[in-house]
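First the structure, in the form of structure tokens, and then the observations on it.
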Number of protein chains: 2
Amino acid sequence: MPALKPSERRYQRTHEAILEAARQIIHEDGVNALSMRAIAQRIDYSAAGLYEYFASKEEIIETICRQGHRRLKDGMARVSTDLPIREYLRDTGLAYIEFAVQNPDFFLLMFTKAPPLPPGEMSPKELQALLESELLDENSAFLVLFNGIQRGINEGVLPVRPDLGVMEIALGAWSLVHGLAMLRVTFLQSFQTDFARIERETLRAFYEGLTLNRDRN
Amino acid sequence: MPALKPSERRYQRTHEAILEAARQIIHEDGVNALSMRAIAQRIDYSAAGLYEYFASKEEIIETICRQGHRRLKDGMARVSTDLPIREYLRDTGLAYIEFAVQNPDFFLLMFTKAPPLPPGEMSPKELQALLESELLDENSAFLVLFNGIQRGINEGVLPVRPDLGVMEIALGAWSLVHGLAMLRVTFLQSFQTDFARIERETLRAFYEGLTLNRDRN
DNA sequence: TTAAAATCCAAACAACGTTCGGAAAACAAA
DNA sequence: TTTGTTTTCCGAACGTTGTTTGGATTTTAA
């Protein structure tokens, strides 16, 4: 029972309508077509009216990005953990790429800007702790990778070293799938090739290399 | 002996001054601060005057991006080919990342938009051929990677399969270094960690995995 | 010397994000 | 119901953007 007053329900509905309109515009006409006036027109508002619900266009975009990260994480979490670790990590990585291919505009929106930081000042220590907690937030796609790598270590398939722990390996894995996804939706957008094979083989090579993990660089 | 007429020399000089001013603005105040009026002010022109030299702001940016690709390629080509293949490929990848870290604004400018296509229509065949030739252009950073992989194959260190040739392996390698670079200048911008170690270890794992290259996915 | 071409800019245009001031509506208290 | 207050909404405007236009000035060519 939310027990919301009617005015609050109206507010929430409009709030969501703005986001939905913004998503539609991005999906249909691209990010460049996203303007406050265009959003307003879709939901029969004036541009000025939107500022009752969002402080700025940037805030609308940030909200959409947060939801995008959740959708990305959901897609990756959908991979069955019953799979053997090798297939599990592979399919998780492929899910990351699949999201990018299916939602290139949102993906680029999410990953071409540095993440927004809270306005207040903070010490480097605090900042680092905040970033680390955001990285491992429950809605973070990275967390899925992180847990997957952790599982591989627990199962004894992936070796660890004092200077190369879960975090370091997971960041490497993230970089790999991110690069595959990013290049495919930008530079290789119109390029024709068997991306699926490249992705699988590249992921495989990285995985097998991880299982070795000798000592010297 | 260029044998340019004085007017042509003047034209070239202004042409270059515009690009230089644009580069400075991007470097000092970021991409968002780049405007036609800001460029004009730096070189004592009016905004309208710039259109004698560039058809649009987009054309200025494209030119800067092309030069950026050349600089990126030069940085990678600076790695000594006397190095053993393993170290050569590693340092080439690290050079790619180093460029991104030293020039994050330019790097993002170069790789967050799909490459500009010539306006004329063309068949899918022609388009594919054009993209492939651009990918392997002499000023393409990818070409350095491509040649490096090719060398590894020639030396018998990297195995090839009918369905996984130089191009496919090189695209995978590109994706890997691109992801490492991209994440570092965007999402992990303020994050503190031993990036150098992660990069070396990730590249190492991928390389070692490549040398195995079994048959099934 | 004269016609043509190249060079440059003030002014304006359309579109943008955002702010301001107030109108209209919804709500709360009496 | 009648107040007074708060919420909701918008027309108009501000400042900035990329770009176009028309004409002025200079350079070049004949």
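Computation of the quantities below employed the complete heavy-atom set of this structure, encompassing side-chain atoms and omitting hydrogens, waters and symmetry-equivalent molecules. Order of the sequence lines fixes the chain letters, A, B, ..., with proteins taken first and strands second; residue numbering starts at 1 for each chain.
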Spacing of B:Y51 atom OH relative to D:dT17 atom P, expressed in whole Å: 12 Å
Residue whose nearest DNA chain D nucleotide is more 5′ - A:T14 or B:M36: A:T14
B:E28 and B:R42 ion-paired at < 4.0 Å: yes
Nearest-Å distance for atom pair CG/P, residues A:L50 and C:dG17: 10 Å
Value in whole Å for how far the P atom of D:dT8 lies from CG of A:D44: 18 Å
Listed nucleotide nearest any side-chain atom of A:A48, set D:dG11, C:dT18, C:dC8: D:dG11
Rounded distance (Å) that lies between atom C1' of D:dT19 and atom CD1 of B:I39: 14 Å
Identified ring-ring contact (aromatic ring centres under 6.0 Å, His included) partner of B:H69 from the options B:F111, B:F106, B:F107, B:F142: B:F111
Nucleotide C:dC8, atom C1' - distance to CD1 of B:I43 in whole Å: 12 Å
Value in whole Å for how far the P atom of C:dT18 lies from NZ of A:K57: 8 Å
N/O (side chain, B:S46) to phosphate O (OP1/OP2, C:dA10) under 4.0 Å: no
Salt bridge flag under 4.0 Å for residues B:E98 and B:R78: no
Under-4.0 Å salt bridge between B:R13 and B:E16: no
Touch class at under 4.0 angstrom, heavy-atom based, for B:I60 against every strand present: nothing
Integer-rounded Å distance: D:dG18 P and B:E59 CD: 15 Å
Over all atoms of both residues, closest heavy-atom pair of B:V166 and B:I149: CG1-CG2, 4.0 Å
A:S56 or B:E52, whichever maps to the more 5' nucleotide of DNA chain C: B:E52
Side-chain N or O of B:R10 closer than 4.0 Å to phosphate OP1/OP2 of D:dT26: no
Below 4.0 Å: OP1/OP2 of C:dC8 and any side-chain N or O of B:Y45: yes
A:R37 CZ to D:dT17 P, straight-line distance once rounded to whole Å: 16 Å
